[in-house]
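One structure is given here, and the rest of the page talks about it.
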Amino acid sequence: MRIVCIGGGPAGLYFALLMKQLDPANRITVVERNRPYDTFGWGVVFSDATMDNMRQWDRPTADAIEVAFNHWDDIELHFKGRCIRSGGHGFVGIGRKKLLNILQARCEAVGVELVFETEVDDDTAYADADLVIASDGVNSRLRQKYADVFQPDIVTRPNRFIWLGTNKLFDAFNFLFEKTEHGWFQAHVYKFDDQTTTFIIETPEHVWQAHGLDRADLSQSIAFCERLFAQHLDGHALMSNARHLRGSAWLNFQRVRCRQWSHYNGHSHVVLMGDAVHTAHFAIGSGTKLALEDAIELTRLFKQTGNDVKAVLAQYQAVREIDVLRLQNAAWNAMEWFEVVGTRYCDQLPPEQFMYSMLTRSQRISHENLRLRDAAWLEGYERWFAERDGVAVGGGRAPSPMFTPFTLRGLTLANRVVVSPMAMYSAADGLANDFHLVHFGARALGGAGLLYTEMTCVSPDARITPGCAGLWNDEQGAAWQRIVDFVHRRSRAKMGIQLGHAGRKGSTQLGWQQIDEPLAGGNWPLVSASAIAYGPNSQTPRAMTRDDMQRITADFVAATRRAAAAGFDILELHCAHGYLLSSFLSPLTNRRDDDYGGSVANRARWPLEVFSAVRAVWPHDKPISVRLSCHDWFPGGNTADDAVAIAALFKAAGADIIDCSSGQVVAEQKPVYGRMWQTPFADRIRNEAGIATVAVGSIFEADHVNMVIAAGRADLCAVARPHLADPAWTLHEAAKIGFEGIAWPEPYLSGRAQYETNLHRK
Ligand SMILES: Cc1cc2nc3c(=O)[nH]c(=O)nc-3n(C[C@H](O)[C@H](O)[C@H](O)COP(=O)(O)OP(=O)(O)OC[C@H]3O[C@@H](n4cnc5c(N)ncnc54)[C@H](O)[C@@H]3O)c2cc1C
Ligand SMILES: Cc1cc2nc3c(=O)[nH]c(=O)nc-3n(C[C@H](O)[C@H](O)[C@H](O)COP(=O)(O)O)c2cc1C
């Protein structure tokens, strides 16, 4: 085959050498616009796993890299005068120049033709090539030329960064944070050879501008950075090798993705590789790894499939796309963490927790994974966390964050697990019955710190379905009191009530029938913020009048009084999921032109009136939670920005905690699901609005709860569906992570012993 690689970075060079080795008859040229030793940048890092992969494909390259690289295990944080260090992270660092020189030398040794100082504008100049590899980097001209085929999706990110070097040597991967009068800067610092350290500095665009760095030339920028990080540089200079770059030396990261990875130009197959087809932010340090793995995969496919180029290229994209997407997602999380760190974490989190948050920024490294990396550091952190929350640890091992207590007003929960509110559709005339007693009884004995009732409705016409529980009469109050008494008498769990009104989503079938569809008969009239039906078959609600608001507020107040009398420990106002209060909050369902529609403040006005009326009659020492849909998942709807603003309004009105759900506001929603998918809302609200939060949504392992709580992304975790599958979810998860400090009900103790022994054996 005749192969031309346009661009002699890691992707182009490595692919050229692997393909030449695969078949020495291949005629391969790499065309590079720079001189052999002329490159920007300093060191790059990749993991031990990448090295193992490379060793299998070309041992001499791997050996040469191994001789030249720097290996280190530790990550060190310098933040607010503190230095915190943890180990077990396993990185390899090598100078970019060195890496390219190794690859160039190997290419020459196996007979690849290298052409330097040649700028390529046009792939058709190589019409004799079977394959033209567009390995021409993030600003790929070939990708631009065939943009209608490749369909690139390029997002320019808001932070500015500059890639510098220094001769000050650091013995760990260092993260340095410095505050200025305009905001925070951070540096990612790692040594990559005996004399040199990479020093990447980044900051948000507005901070960069406020310091006049948009007008600074390279030497002024360097002087500024030297002053800012002087205490870490010990008199060493910062250096640039990007003097050839046009424009500012401060760049914005561009996240690149492409719909199509190859194209037949009439003579040759043009194939995107490396940064030309995908980028991964340096916060996770894997752009070079991805480039090298592209080269390996394409070579592997040629080896396996022969020279059926079309089939090979289809598989190349199919296989690589998945790996790349996984890594890009992790890189995206890590990148976002560094973008918001100055406004969301630096001033909010104490250094210990800041370190934990930073280490888990990509969401790929979990609590137990940190234990494997550095048990001593993690145990020290667990001790710090527990002692901060008033646990006397003494000489023993501290409980993990999931099993630390949490206090709001006069309520102290034994742990951070909440049985999330879940409609059971099992009441008649709103009356909780034996089913509810057994349901909550089992879950109280199952170890969770707090149990919520389902959305308990404040009037008969506030119900979602005829099976929903209510609290509009004393008989219902007494039925709940029996359950609350059992929970209090027989367990350490606390009991919360969620109060709500279905609004336009009322008068529908039970959850396991046709959900959200009207009843076959006996429907009752609906009210909502505006007269907009939920689905095509739904009843159109009546837009509420001021009288309706007063009447329903009074219903909430009456239900609150009954909830207090029944002995509930916490009350949650259901302002989520498109029900009545939520229908006011969302601009998609609230089209009012009076004082209760329009701006966020207006849309929140009546929900806040209800909240204040409820707060006024709810015992002062008991907390109130507010459940919000923090994103409507539909254009024009509420987003996380609105949720932060709404949460702040409830905080000002006296709310103690925000339960951060999302969606279900409009039937046409398009949510993006995933593990712990709504936790970012809890994180933002907690750390931007400054109020405690509950995270909920696909939190299904102790490891998830620990990660969320330990990182300060939420204060409690609500777990819904796992509690339907397993009433003793908390006890079982405690056993799985070997936490013994949780009490099982005494009658169940012999079951505990067997369960733990069996787990141990497994
Ligand atoms: C600040 C920063 C830090 C980074 N840190 C890391 C890290 O720690 N670990 C990591 O793995 N990755 C890191 N990367 C990313 C890494 O540098 C890239 O992902 C990697 O180099 C991609 O390799 P590539 O071969 O696809 O592209 P490149 O390395 O960009 O190579 C493309 C080559 O094509 C040449 N070229 C471009 N256009 C033409 C043309 N028209 N004609 C001829 N030649 C052309 C260029 O001169 C260049 O040599 C970092 C990137 C940045 C910006
Ligand atoms: C059967 C069922 C009923 C639910 N009913 C309610 C409810 O009454 N009130 C509420 O706020 N959320 C309700 N939810 C949503 C859950 O509280 C929770 O937010 C959601 O299931 C995501 O958590 P999970 O991934 O742990 O299941 C319900 C969920 C389920 C599965």
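Just the heavy atoms: all of them, side chains too, but no hydrogens, waters or symmetry mates, feed the values below. Sequence positions, counted from 1, serve as the residue numbers for this chain. Here the structure is a predicted model, which is why all the values come from computation and not from measurement. Each ligand, and each atom within it, is numbered from 1 in the order the structure gives.
- Counting heavy atoms under 4.0 Å from ligand 1, residue Phe161 touches it through the side chain alone.
- An N or O contact shorter than 3.5 Å is missing between Ile200 and ligand 1 by distance.
- Taking the six-membered ring for Trp and thresholds of 30 and 60 degrees, Trp677 and Tyr673 have ring planes more than 60 degrees apart, a perpendicular arrangement.
- Under the side chain to side chain donor-acceptor pair (under 3.5 Å) rule, His577 has a single partner from Ser582, Ser661, Ser629, Ser662, which is Ser661.
- Summarising the geometry of Arg721 relative to Met422, their closest heavy-atom pair is N-SD, 4.2 Å, with the distance given to 0.1 Å.
- Scanning Pro421, Ala720, Cys457 for the heavy atom closest to atom 14 (N) of ligand 2 points to Pro421.
- Taking distance alone, with nitrogen or oxygen atoms compared against 3.5 Å, Arg141 stays at or beyond that limit from ligand 1.
- For a threshold of 3.5 Å applied to N or O pairs, the pair formed by Ala11 and ligand 1 contains at least one separation below that value.
- The contact set between ligand 1 and Gly274, taken as ligand atoms under 4.0 Å from a residue heavy atom, comprises 26 (O).
- Using a 4.5 Å cut-off on side-chain heavy atoms (C-beta onward), Val277 and Arg143 make no contact.
- The part of Thr118 lying near ligand 1 is the backbone, judged by heavy-atom distances below 4.0 Å.
- The shortest heavy-atom contact between Ser240 and Trp42 is C-CZ2, 3.8 Å.
- Here the side chains of Lys191 and Trp72 are not in contact, with every heavy-atom distance at 4.5 Å or above.
- Put simply, the side chain of Trp480 reaches to within 4.5 Å of the side chain of Ile483, judged on heavy atoms.
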Could you walk me through whether Asp58 and Arg106 satisfy the salt bridge (charged side-chain N to carboxylate O under 4.0 Å, His left out) test, starting with their C-alpha distance in whole Å, then the side-chain angles of each, then the deciding distance to 0.1 Å, before giving a yes or no?
CA-CA 10 Å; Asp58 183 49; Arg106 277 294 293 152; 2.8 Å; yes
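- A salt bridge does not link Lys145 with Asp121: every distance from a Lys NZ or Arg NE/NH1/NH2 to an Asp or Glu carboxylate oxygen is 4.0 Å or more.
- Between Trp261 and His278, a ring centre-to-centre spacing shorter than 6.0 Å is recorded.
- Within the listing of ligand 1, atoms 41 (N), 42 (N) sit less than 4.0 angstrom from a heavy atom of Glu119.
- Inspection of the Tyr146 and Asp123 side chains reveals an N or O donor paired with an N or O acceptor under 3.5 Å.
- A centroid separation of 6.0 Å or more is found between the aromatic rings of Tyr190 and Phe192.
- Per-residue contacts place Gly137 under 4.0 angstrom from the following atoms of ligand 1 (heavy atoms of the residue considered): 27 (O), 30 (O), 32 (C).
- Side-chain atoms of Asp275 and Thr279 form no donor-acceptor pair, as typed in the model, at a separation below 3.5 Å.
- Annotation: Ser698 places an N or O atom under 3.5 Å from an N or O atom of ligand 2; distance criterion only.
- The nearest protein atom to atom 9 (N) of ligand 2, hydrogens excluded, is given as Gln498 OE1, 2.9 Å; this is a heavy-atom distance.
- For atom 1 (C) of ligand 2, the nearest non-hydrogen atom from the set Gly511, Ala469, Cys575, Ala423 belongs to Ala423.
- A cation-pi arrangement is found for Arg157 relative to Trp332, the charged atom lying closer than 6.0 Å to the ring centre and inside a 45° cone about the ring normal.
- Residue-to-ligand polar distances keep Glu572 apart from ligand 2: every N/O pair is separated by 3.5 Å or more.
- Residue Gln678 has no nitrogen or oxygen atom sitting less than 3.5 Å from a nitrogen or oxygen atom of ligand 2, judged on distance alone.
- In terms of N/O distances under 3.5 Å, ligand 2 is approached by Met455.
- Across the listed options Phe192, Trp42, Tyr190, Tyr190 owns the non-hydrogen atom lying nearest to atom 5 (N) of ligand 1.
- Those atoms of ligand 2 with a heavy atom of Ser420 less than 4.0 angstrom away are 16 (C), 17 (O), 18 (C), 19 (O).
- Taking the ring centroids of His71 and Phe91, they lie at or beyond the 6.0 Å cut-off.
- With a 4.0 Å cut-off on non-hydrogen atoms, His574 touches ligand 2 through its side chain and not its backbone.
- Counting heavy atoms under 4.0 Å from ligand 1, residue Lys289 touches it through the backbone alone.
- Among His188, His278, Glu32, Arg96, the residue whose heavy atom sits closest to atom 28 (P) of ligand 1 is Arg96.
- Interface atoms of ligand 2 facing Gly697, defined by a heavy-atom separation under 4.0 Å, are 22 (C), 23 (O), 25 (O).
- Distances from atom 52 (C) of ligand 1 to the heavy atoms of Phe253, Phe282, Trp163, Phe15 show the closest one on Trp163.
- Of the N or O atoms in Gly287, one or more lie within a sub-3.5 Å distance of an N or O in ligand 1.
- Side-chain contact between Val44 and Lys98 is absent, with no heavy-atom pair separated by less than 4.5 Å.
- Aromatic pair Phe338/Phe282: centroids not less than 6.0 angstrom apart.
- Here the side chains of Leu451 and His723 are not in contact, with every heavy-atom distance at 4.5 Å or above.
- Taking each of Gly43, Gly8, Ser135 in turn, the one with a heavy atom nearest to atom 32 (C) of ligand 1 proves to be Ser135.
- Comparing heavy-atom distances from atom 37 (C) of ligand 1 across Leu272, Asn139, Asp136 singles out Asp136 as nearest.
- At least one heavy atom of Pro722 lies less than 4.0 angstrom from ligand 2.
- With hydrogens left out, the protein atom closest to atom 29 (C) of ligand 2 is Met422 CG, 3.8 Å, a heavy atom.
- Using 4.0 Å as the threshold, Ile699 has no heavy atom nearer than that to any atom of ligand 2.
- One option in Thr288, Leu292, Val45, Asn34 has a heavy atom closer to atom 9 (N) of ligand 1 than any other, and that option is Val45.
- Atom 15 (C) of ligand 2 has its nearest heavy-atom neighbour, among Met676, Arg721, Arg627, Gln664, in Arg627.
- Look at Ala576 and you'll find every heavy atom at least 4.0 Å from all atoms of ligand 2.
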